[in-house]
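Below you'll find the structure, written out as structure tokens, and then a few comments.
In this chain, residues are counted from 1 in sequence order.
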Amino acid sequence: MLGDPLFIVAAVAALAVLIILAIGIGGYAKGGEFNRRYANKIMRLRILAQAVAVMLILLFVLMRGKGG
């Protein structure tokens, strides 16, 4: 599974969501000008990245799954 390119892409997308979320939480915690200027944009980016990651994970499960 670790050698599967679709799995790697889905894992990278999930990692990107985690990084964006950490930046957003850090901005909220610190507050200040950065939070006022970018908080909403960062969370919108997180939602978009999360949607892409979920779609990639579902695609992986559909293509590689052995469900019945």
Inter-residue atom distance Leu48.CG - Ile20.CD1, 0.5 Å rounding:
8.0 Å
State yes or no: do Leu56 and Val54 share one hydrophobic cluster built from I, L, V, M, F, W and Y residues joined by side-chain heavy-atom distances below 4.5 Å, directly or via other members?
no
Same cluster (ILVMFWY, side-chain, under 4.5 Å), Ile47 and Tyr38
no
Grab the two heavy atoms, one from Ala14 and one from Ala53, that are nearest each other, plus how far apart they are.
N-CB, 4.1 Å
When you group the ILVMFWY residues by side-chain heavy-atom contacts below 4.5 Å and let the links chain together, are Met43 and Phe34 in the same group?
yes
Closest heavy-atom pair, Gly27 versus Asn35, reported as atoms and distance to 0.1 Å, is O-CB, 3.4 Å
Can you name the residues that form a ring-ring contact (aromatic ring centres under 6.0 Å, His included) with Tyr28, not counting sequence neighbours?
none
For residues Val17 and Leu58: do they belong to one hydrophobic cluster (side chain heavy atoms under 4.5 Å, members Ile, Leu, Val, Met, Phe, Trp, Tyr)?
no
Rounding to 0.5 Å, atoms CZ (Arg64) and CG (Asp4) come to a distance of 4.0 Å
Calculate, to the nearest 0.5 Å, the distance between atoms CD1 and CG belonging to Ile8 and Leu15 respectively.
13.0 Å
Enumerate the salt bridge (Lys or Arg N to Asp or Glu O under 4.0 Å) contacts for residues 46-56, please, sequence neighbours excluded, ordered by first and then second residue.
none
Do Ile42 and Ile19 sit in one hydrophobic cluster, given that two such residues count as connected whenever their side-chain heavy atoms are within less than 4.5 Å of each other, even indirectly?
yes
